[in-house]
Amino acid sequence: MKAGVIVFPGTNCDRDTYNAIKCVMDARVDYVWYENKSLHHYQLIVIPGGFSYGDYLRAGALARFSPIMDALRSYVDRGGLVIGICNGFQILLESLMLPGAMQRNKTLKFVCDDAFIRIERDDTAFTMLYKKGDILKIPIAHAEGNYYAPPDLLDRIEHKKQIILRYVDQNGKRSEPSNPNGSINAIAGLCNDKGNILGMMPHPERASDGLIGSEDGKRIFLSIKKALG
């Protein structure tokens, strides 16, 4: 299996993501520069966290126009797996590959902390090694993580069970204090219609090895490995 980690100007979680893929998945992995125009060599594409183009205008708003994005759309149309983490999630929303939009955090402040999230589905390529209802403790670090969708769209993605992760407390209950950015319906991660794209604000690559404090995010990568055979 070979994975590609897309690097935009301002990306800063590319090395952590690269190491998680290499060490946890035992996979070959390349950095893929944003000017590349082909992704057909890869079975997994990861858009890591950071501040693409300095987050000018809005987080992810300029990255959507990068040359690599046409190749990414073709890759997705062929059924390739994509995971966007933090800024990667924002880029996928801005490029309309995932539904909804991201706003500034409800406090209007950057938040950097651990968050508890609940697995809402265990039948996806990204979560098959968890059980529905599992509670994970995974770091977050963002200023624009307040997910929003208008009521009709929110009803649709809830009905289609596209919500994969929600913010909860350590007992698995949703509450306002446990929602670190004010995301509607406490959404921390969701997939597209086909289920081959996952966007998530928490950073599983920062919780993939006991040496860095937690392995709660490790099964995200191992689930993908299993899905790809």
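Just so you know, these numbers use all the heavy atoms, side chains as well, and skip hydrogens, waters and symmetry mates. Because the structure is a prediction, the values reported are computed rather than measured.
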Mutual orientation of the aromatic rings belonging to F110 and F51 [parallel < 30°, tilted 30-60°, perpendicular > 60°]: tilted
Residues K37, D70; criterion salt bridge (Lys or Arg N to Asp or Glu O under 4.0 Å); working and verdict: CA-CA 7 Å; K37 296 183 179 179; D70 285 340; over 6 Å; no
Test item: [X] side-chain N/O and [Y] main-chain N/O as donor-acceptor pair under 3.5 Å:
X    : Y    : value
S223 : L129 : yes
Y75  : L44  : yes
D134 : K131 : yes
N87  : S52  : yes
Y147 : N181 : no
Q162 : L190 : no
T124 : F126 : yes
N146 : R104 : yes
R118 : G172 : yes
D14  : P48  : no

No-hydrogen, no-angle side-chain donor-acceptor test under 3.5 Å, N179 and E176: no
N105 and T107: side chain donor to acceptor below 3.5 Å: no
Minimum-distance pair of heavy atoms, taken over all atoms of [X] and [Y]:
X    : Y    : value
L222 : V24  : CD2-O, 3.5 Å
G49  : H203 : CA-CE1, 4.2 Å
E144 : A59  : OE1-N, 3.4 Å
S178 : D169 : CB-N, 3.5 Å
R174 : N185 : NH2-CA, 3.4 Å
K194 : D77  : NZ-O, 3.9 Å

Positive for side chain to side chain contact (heavy atoms under 4.5 Å, CB included) with L98, one of L92, L198, D193: L92
Group every Ile, Leu, Val, Met, Phe, Trp and Tyr by side-chain heavy-atom contacts under 4.5 Å, then state whether [X] and [Y] land in the same group.
X    : Y    : result
L165 : V168 : no
I212 : V46  : no
W33  : I45  : yes
I140 : I135 : no
L96  : F89  : no

What side-chain donor-acceptor pairs closer than 3.5 Å can you find for residues 3-12, not counting sequence neighbours?
{"residue": "T11", "atom": "OG1", "partner": "F8", "partner atom": "N", "Å": "2.9"}
{"residue": "T11", "atom": "OG1", "partner": "F8", "partner atom": "O", "Å": "3.1"}

Under 4.5 Å side-chain linkage, directly or through intermediates, the cluster mates of L211: none
Qualifying residues under salt bridge (charged side-chain N to carboxylate O under 4.0 Å, His left out), relative to D114, sequence neighbours excluded: none
CD1-OH distance between I164 and Y130, expressed to the nearest 0.5 angstrom: 12.5 Å
Rounded distance (nearest 0.5 Å) linking atom CE of M102 with atom CD1 of I187: 9.5 Å
Heavy atoms of other groups near K22 NZ, more than 12 under 6.0 Å: no
More than 12 heavy atoms from other groups under 6.0 Å of NZ on K106: yes
